[in-house]
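Only a predicted model underlies this, so the values are computations on that prediction, with no experimental measurement involved. Only heavy atoms go into these numbers, but all of them, side chains included; no hydrogens, no water, no symmetry mates.
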Amino acid sequence: MTTFTEPPSMRESLLDVAGKKIFVAETGDGPPVLLLHGGGPGASGVSNYARNIAELAKEYRVIVPDLPGYGRSTKGVDGTDPFGYLAGHIRGVLDRLDLDKAHFVGNSYGGSCALRLTLDTPERVDRMVLMGPGGIGTTRALPTPGLNSLLDYYSGDGPSRLKLEKFIRQYLVFNAADVPDSVIDGRYRDSLDPEVVAAPPLRRPSGPNAPRTLWRMDFTRDRRLSRLPVPTLVLWGKADRVNRPSGGRMLADRMPNCDLYLVANTGHWVQFERAELFNRLSADFLAGRR
């Protein structure tokens with residue numbers, strides 16, 4: 001049975017960014033790397049990367065924010081341009097930490113944030129690792145059942161532990177037994193924050209501007225993608241039921257400096273399900289060793 005080192009004691013701060021509070025935890029020394037978490041109910045930075053922080057901190061200054069709308073950060077996300085909103089605030093984190101440039105690692109919603117930040121300001125990004133990012137070919141196919149499960153969590157009869165467990169065990173991971181009950185309990189507790197219930201940070205675009213928002217949220221419609229110089233590693237679980245693995249090939253075909261690694265018997269949560277592989281590939285790629 002594989003064992004994992006618990007995240008080390010981390011320095012915590014609450015940064016003022018564009019009038020919002022962004023929670024940041026960090027540890028380690030070396031080149032800075034920001035780990036951006038996914039957008040599922042109850043997600044937060046340190047919990048999302050619990051199996052990765054200690055290993056990456058052996059070589060890097062690991063910086064783990066809670067994205068706007070999640071964890072201990074200010075709630076609320078601009079639904080007309082969610083990826084841009086997240087990217088703007090994470091760029092503000094770089095400014096507050098006096099970092100001209102950093103590596104980025106992004107999972108799902110965090111991958112969308114990292115990619116949008118990189119497209120808008122490539123000079124701020126050294127290298128980037130993306131795991132099953134959102135916004136890849138989303139205007140070219142209907143949402144997956146897994147994505148629908150995520151987006152429906154706060155609708156209908158509202159959040160419940162049963163709905164969250166179904167999303168995590170049936171759609172998020174390949175092997176449901178890999179996820180301890182404690183992870184689901186913690187995520188469920190955090191998903192009940194009244195501010196989040198009132199305004200979920202990840203929602204379907206609605207209203208008269210919804211088509212424009214959907215188009216903007218599909219990175220394969222962005223012409224800048226084919227000119228993006230930043231070296232990028234895309235890791236995608238072959239059994240991802242939330243974001244289609246075909247998105248990996250779309251990125252590799254469009255981005256000039258993109259490596260693609262499809263991970264067998266793995267779902268949407270590569271950094272959790274295949275932590276040892278993820279840690280090794282990411283550390284080597286960010287260091288330019290592969």
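Ion pairing of D95 with R124 is present here, as a side-chain N (NZ or NE/NH1/NH2) and a carboxylate O approach within less than 4.0 Å. Ion pairing of R280 with D284 is absent here, as no side-chain N (NZ or NE/NH1/NH2) approaches a carboxylate O to less than 4.0 Å. A salt bridge links R169 and D181; the closest N-O separation between the charged side-chain nitrogens and carboxylate oxygens is under 4.0 Å. Using a 4.0 Å cut-off between charged nitrogen and carboxylate oxygen, D16 and K21 count as a salt-bridge pair. One finds no salt bridge joining D152 and K166 here, because no Lys/Arg side-chain nitrogen approaches an Asp/Glu carboxylate oxygen to under 4.0 Å.
Residues R140 and D218 have side chains in contact (heavy-atom distance under 4.5 Å, counting atoms from C-beta outward). Put simply, the side chain of T220 reaches to within 4.5 Å of the side chain of I136, judged on heavy atoms. Between E26 and R61, some side-chain heavy-atom pair lies under the 4.5 Å cut-off. The side-chain heavy atoms of L35 and H37, taken from C-beta on, include no pair separated by under 4.5 Å. Between L225 and M255 the shortest side-chain heavy-atom distance falls below 4.5 Å. With a 4.5 Å cut-off on side-chain heavy atoms, P133 and L115 do not count as touching.
By the 30° and 60° cut-offs, the orientation of the rings of Y109 relative to Y70 is perpendicular. By the 30° and 60° cut-offs, the orientation of the rings of F167 relative to Y171 is tilted.
Counting all heavy atoms, side chain and backbone alike, V234 lies closest to C258 at CG2-SG, 3.6 Å. Closest approach of V46 and V64 over heavy atoms only: N-CG1, 3.6 Å. Minimum heavy-atom separation, V17 to H89: CG1-O, 3.5 Å. The two residues L164 and I184 come nearest to each other via the heavy atoms CD2-O, 3.8 Å. Contact record, G132 with N243: O-ND2, 2.9 Å, taken as the closest heavy-atom pair.
The side-chain contact (heavy atoms from CB on, under 4.5 Å) test with R203 is passed by exactly one of P205, S206, P200: P200. Evaluated for a side-chain contact (heavy atoms from CB on, under 4.5 Å) with K163, the options Y153, Y154, Y188 yield exactly one hit, Y153.
Residues L97 and L67 are members of one and the same hydrophobic cluster, defined by side-chain heavy-atom contacts under 4.5 angstrom among Ile, Leu, Val, Met, Phe, Trp and Tyr. Under a hydrophobic-cluster definition in which Ile, Leu, Val, Met, Phe, Trp and Tyr are linked whenever side-chain heavy atoms come within less than 4.5 Å, directly or via other members, V242 and L260 are assigned to the same cluster.
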